There are 2 protein chains.
Amino acid sequence: MKNYSRQREEIIKVVKDSYNHPTAEEIYMIVKAKDPAVSRSTVYRNLGLLVESNLIKQISMKVGPDRYDYMRKNHNHAVCTKCGKIFDFEYSFEYDELQKSIKEQTGIEISNDGIVFEGICDSCKN
Amino acid sequence: MKNYSRQREEIIKVVKDSYNHPTAEEIYMIVKAKDPAVSRSTVYRNLGLLVESNLIKQISMKVGPDRYDYMRKNHNHAVCTKCGKIFDFEYSFEYDELQKSIKEQTGIEISNDGIVFEGICDSCKN
DNA sequence: CTTGAAAATAGGAATAATTCCTATTTTCGG
DNA sequence: CCGAAAATAGGAATTATTCCTATTTTCAAG
């Protein structure tokens, strides 16, 4: 993340403009449409860097490849453990006490977006 | 999950006796020590079935293979997104309102153990 | 401007984890 | 017992991701 590259800029733009939690492959295809020479490694490497610097969020699921989400306002993710679909929702918590308790018991410091909610979605209940 | 098989029984036993969130491979190796003819597919298939029937919990992480945990009392998981280590902790929430809100907004019904907490652990802060 | 070192890239091979396939064996209700 | 359904072993295949190497690009200092 030290030097400028148009590939990285384009990758950021694509994730930012996507509101459906795209996979690395999907991002790759969209970027490729504009810049046919881009390579998968570049996409994967940059996604990793962007996650590390907290610009985007990576969501691992039980089914299918990881998904990426641009960091906006305060929204959380609910994941269906059956089909892997991701739903956004808004909710403001009283984290303080919980965070402190987790920190004490495990040493892990969680952030507001560090909570993933898992369950079964409507259409998978059949 | 209709007919009895000693392979499945052994797999359950191994997960139940493990308190360190073993991977499928680790479970396979332990079962294999007792029953050298067991195959990986059997382990994977049964873990899937057991997760489905809520006897064990599957934990996907950003790094490394999935891990499995026998369902005991009320404990939650905090995952380090850097090294993938999983920590158990205890905390009782007031879920009702939160659950209702998620249900309304996304259609997803989460259970008490359907919340994964992510952050950075102590030793990864260096 | 040049230049040179660090950063980034393309392209594809390699790896890791998991799923899938097929033939065989086991279970268990009637 | 017997037969259908369930489960299995063994390994091939697939999928997602990481790794490798040679080349290109960026950018700060002279």
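This is a predicted model, so every value here is computed, not measured. Each chain gets a letter, A, B and so on, in the order the sequences are listed, and its residues count up from 1.
- One finds a salt bridge joining Asp122(B) and Lys103(A) here, because a Lys/Arg side-chain nitrogen approaches an Asp/Glu carboxylate oxygen to under 4.0 Å.
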- Message: Walk along nucleotides 9-16 of chain C from 5' to 3' and tag each nucleotide B, S or - by protein heavy-atom contact under 4.0 Å, base first, then sugar-phosphate.
- Response: BBBB----
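- Closest to the side chain of Lys2(B), out of dA6(D), dT18(C), dT26(D), is dA6(D).
- Ser101(B) and Gln105(B) share a donor-acceptor pair across their side chains, judged by distance under 3.5 Å alone.
- Of the candidates Leu50(A), Leu47(A), Val51(A), Val51(A) is the only one forming a side chain to side chain contact (heavy atoms under 4.5 Å, CB included) with Gln58(A).
- Here the shortest heavy-atom pairing between Met71(B) and Asn54(B) reads CG-O, 3.6 Å.
- Direction change of the helix axis from one end of the helix from dC1(C)-dG30(D) to dG30(C)-dC1(D) to the other is 30°, with five pairs defining each end axis (rounded to 10°).
- Note: the hydrophobic cluster containing Tyr70(A) also contains Tyr68(A) (ILVMFWY, side chain heavy atoms under 4.5 Å, direct or indirect links).
- Contact annotation for Tyr44(B): base contact, defined as any heavy-atom pair under 4.0 Å involving a base atom.
- Ion pair Lys13(B)/Asp17(B) flagged as a salt bridge, since at least one NZ, NE, NH1 or NH2 atom sits closer than 4.0 Å to an Asp/Glu carboxylate oxygen.
- One atom, CE of Met1(A), and another, P of dA8(C), lie 8 Å apart when rounded to the nearest Å.
- Ring-centre distance between Phe117(B) and Phe89(B): below the 6.0 Å cut-off.
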